[in-house]
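Here is how names work: the chains are called A, B, and so on, in the same order as the sequence lines, proteins then strands, and each is numbered from 1.
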Amino acid sequence: MTSGRVLVAMSGGVDSSVCARLLVDAGYECTGATMRLATNEDDRPGERTCCSTDDIADARQACWDAGIRHRVFDYSREFARDVIDPFVAAYEAGLTPNPCVACNRHLKFGALLDLALELGYDHVATGHYARVTHDVAGWHLLKGVDTRKDQSYFLFGLTQERLAHVMFPLGGMLKDPEVRDIAASYGLTSANKKDSEGICFVPGGDHLRFIEERTGRIAPEGDILDTEGNVLGRHQGALRYTLGQRKGLGVACAKPVYVCKVDTVANTVTLGDEDRLMASALVAGEWNWVSGHVPAEPVRAAAKVRYRQPDQPCVATPLPDGRVRLEFDAPQRAITPGQATVLYLGDEVLGGGTIEHVE
RNA sequence: UGGGGUAUCGUCCAGUGGUUAGGACCCGGGAUUUUGAUUCCCGUUACCUAGGUUCGAAUCCUAGUACCCCAG
C-alpha cells in the first residue's frame with residue numbers, strides 16, 4: 001500500500017502541503033499539481049483567492065521542500081464553464097449555488113483526476129478532511145475524523161470509479177493540533193497560514209459585483225416586502241439575498257427579520273419571522289448515490305442541508321426520475337434551493353444532490 | 001384653525017427630579033467558515049426649540065414648533 005504514483009493537488013495551504021509530505025514519507029512517488037482556475041488578470045493584490053500567484057508560489061515552494069516536482073495546469077476555461085458560469089446562472093435564477101461542490105465534482109475529481117490517470121498516475125490526493133475505505137461492497141466515502149473540519153459534505157459527487165483513485169491522507173487526522181504540528185515539524189512556511197475562506201473566485205466576497213462584472217448586467221432595484229405584501233424598503237438587486245439571511249437588509253423592525261422568499265421574476269425580496277423558514281421536506285436533483293446503486297426502499301438516515309450543520313434524522317426516498325425526496329423528523333430552517341444536501345448513515349456519505357424545492 | 005394626546009439613538013420603545021440615559025432592530029468592526037446564510041463578540045449614534053422652577057430636569061411649569069386622534 002505504500003507504492004504508486006500520486007498526483008497531489010497543491011493549493012499552497014497547510015493541508016495540501018502536509019498531505020504531500022506525508023505521502024512522500026510513506027513512499028509514494030508524488031508530483032505536486034496546482035490548478036490555475038482564475039485568469040491572470042483577475043489577480044488583485046491584497047485580495048485572497050484560492051489560485052492567486054502567491055498561492056501558486058507557495059505550492060511550488062512546498063513541493064520544492066518536499067523534494068517533488070511541481071506542475072501547474074491551466075483549468076481556467078473548464079473552471080469558468082463548469083463552476084463560474086453555472087454559479088452566475090444560478091444566482092440570476094434566484095438560487096443560491098454551492099460552487100465548491102461543482103469544483104470538486106468537475107475540476108479536482110473531474111478534469112484533474114482524468115488527466116492524472118491519463119498521465120499514468122494511480123491516484124489524486126488532496127488535503128480534504130474525509131476518508132475513503134474499501135470492502136466487498138465497494139468504495140465508501142466517510143467523514144473526516146476531525147468533526148470540526150469534516151469536508152465530506154463537498155464531496156458527495158464522488159463515484160465508485162473516482163473513489164478508487166482518490167486519497168485523503170488527512171482524513172484520519174485533526175487539523176488542530178495534529179496537522180499544524182506536522183507542518184511545524186517540517187518547518188513549512190504555511191504552518192500558520194490562515195485557512196481559506198469565502199468563494200475563491202469572488203474578490204472581497206461581493207458576489208453581486210462579481211456577477212454584474214461578469215454579465216455586464218446591473219441587477220435592478222426592487223421592493224422589499226413583508227409577508228402581507230407591504231413595502232418595507234428597496235433592495236439593490238434580488239440576487240444579493242438568500243433564504244434565512246438577516247444581515248444587510250437595511251430594514252429595522254421590532255424583531256429581527258429574515259429573508260423568506262427571493263423572487264427574481266417579480267424582483268422582490270420578502271421578509272418574515274424565523275418560523276416562516278421552517279420546512280420538513282425537500283426534493284433534490286442531480287443526485288449521486290456514492291455506492292452506485294439506487295436503494296430499492298426509502299432509507300432511514302440523516303442529512304445536512306448546509307455545510308457544518310449537525311446531521312438531521314430523515315427518510316430519503318428515491319423518486320422514479322432519479323431525484324430524491326428527504327423528509328425530516330424535525331422541521332429544518334431555511335432549506336435553500338441551489339444548496340447541496342448530503343445524506344449520511346453514521347460517518348458514511350450515502351449520497352447527495354442539489355436542493356430543487358422545499359415541501 | 002375647538003378639545004385631547006405624543007415629542008428620547010437611523011428605527012421602535014424604556015426611563016416621571018440625582019442614571020455612565022437602558023434595550024431591541026438597523027448599521028460598522030471582529031470571531032467562526034473551503035459555498036451562500038445562520039450564530040457569537042465588540043462598537044458608534046439620542047433626550048424637538050426657547051424660557052422657567054429647583055442644589056440638581058429627559059423627567060415639573062410656560063410658550064413655540066411638529067405630528068396624531070376626536071370633534072367638525
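Atom P of nucleotide B:C25 and atom CG of A:Asp226 are separated by 19 Å, given to the nearest angstrom. As a whole-Å value, the separation of A:Arg240 CZ from B:U35 P is 20 Å. A:Asp273 has its CG atom 13 Å from the C1' atom of B:C25, to the nearest Å. One atom, CG of A:Leu249, and another, P of B:G28, lie 11 Å apart when rounded to the nearest Å. For the pair A:Lys247 NZ and B:G29 C1', the interatomic distance rounds to 11 Å; values are reported in whole Å. Between the NZ atom of A:Lys175 and the C1' atom of B:U33 there is a distance of 11 Å, given to the nearest Å. What separates CZ of A:Phe154 from C1' of B:U35 is a distance of 6 Å, to the nearest Å. Across the protein-nucleic acid pair, A:Leu271 atom CG and B:C26 atom C1' stand 12 Å apart, rounded to whole Å.
As the counterpart of B:C55, B:G18 is assigned, both hydrogen-bonding distances of the Watson-Crick or G-U wobble pattern falling under 3.5 Å. The partner of B:G2, taking Watson-Crick or G-U wobble pairs whose two distances both stay under 3.5 Å, is B:C70. For B:G43, the paired base is B:C27 (Watson-Crick or G-U wobble, both distances below 3.5 Å).
A donor-acceptor pair is defined here as one N or O able to donate and one able to accept, closer than 3.5 Å; no such pair exists between the side chain of A:Glu29 and the backbone of A:Gly27. Without hydrogens or angle criteria, A:Gln245 side chain to A:Thr242 main chain gives a donor-acceptor distance under 3.5 Å. Of the possible polar contacts, one joining the A:Asn267 side chain to the A:Glu221 backbone as a donor-acceptor pair under 3.5 Å is found. With hydrogens and angles disregarded, no donor-acceptor distance shorter than 3.5 Å links the side chain of A:Thr34 to the backbone of A:Ile56. No side-chain donor-acceptor contact under 3.5 Å links A:Gln339 to the backbone of A:Thr341. Under a 3.5 Å cut-off, the side chain of A:Asn104 and the backbone N or O of A:Phe109 do not form any donor-acceptor pair. Panel note: side chain A:Tyr186, backbone A:Ala66; no donor-acceptor pair is recorded below 3.5 Å.
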Dump every N/O contact between nucleotides 10-14 of chain B and the protein below 3.5 Å, one line per pair.
none

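The side chain to side chain donor-acceptor pair (under 3.5 Å) with A:Gln332 is formed by just one residue from the set A:Gln312, A:Lys304, A:Arg306; it is A:Gln312.
Rounded to whole Å, the C1' atom of B:G4 lies 23 Å from the corresponding atom of B:U49. Rounded to the nearest Å, the gap between the P atom of B:C25 and that of B:C42 is 13 Å. On the C1' atoms, B:G43 is 16 Å away from B:G10, given to the nearest whole Å. B:C12 and B:U8 are spaced 12 Å apart, taking the C1' atom of each and rounding to whole Å. Of the P atoms belonging to B:U53 and B:A66, the separation is 27 Å, rounded to the nearest Å. When the P atom is compared between B:U16 and B:C60, the two are found 9 Å apart, to the nearest whole Å. A gap of 16 Å separates the P atoms of B:A7 and B:U62, to the nearest Å. With both ends at atom C1', the span from B:C27 to B:G3 equals 42 Å, rounded to whole Å.
Residue A:Val257 is the one, among A:Asn98 and A:Val257, whose nearest nucleotide of RNA chain B lies closer to the 5' end (criterion: closest heavy atom). Annotation: of the two residues near RNA chain B, A:Gly248 and A:Lys108, the 5′-most nearest-nucleotide partner is A:Gly248.
Residue A:Arg333 places no side-chain N or O under 4.0 Å from the OP1 or OP2 atom of B:U38. In this structure, A:Tyr258 reaches the B:U39 phosphate: one of its side-chain N or O atoms is under 4.0 Å from OP1 or OP2.
Across all strands, A:Val251 comes closer than 4.0 Å only to sugar-phosphate atoms, never to a base (heavy-atom distances). Residue contacts for A:Gly338: at a heavy-atom cut-off of 4.0 Å it reaches no nucleic acid atom on any strand shown.
The distance from atom CD of A:Glu78 to atom CG of A:Leu107, rounded to the nearest 0.5 Å, is 7.0 Å. From A:Leu155, atom CG reaches atom CG of A:Asn288 across 11.5 Å, with rounding to the nearest 0.5 Å.
Listed by residue number, the members of residues 303-311 of chain A with any heavy atom below 4.0 angstrom from RNA chain B are A:Arg306, A:Tyr307, A:Arg308.
Residue A:Ala183 comes nearest to A:Val18 through the heavy atom pair CB-CG2, 3.7 Å, listed as atom of the first residue, atom of the second, then distance.
A donor-acceptor contact under 3.5 Å is not formed by the side chain of A:Gln245 with the base of B:U38.
For A:Arg148, the listed nucleotide lying nearest its side chain is B:U32; candidates were B:G36, B:U32, B:U38.
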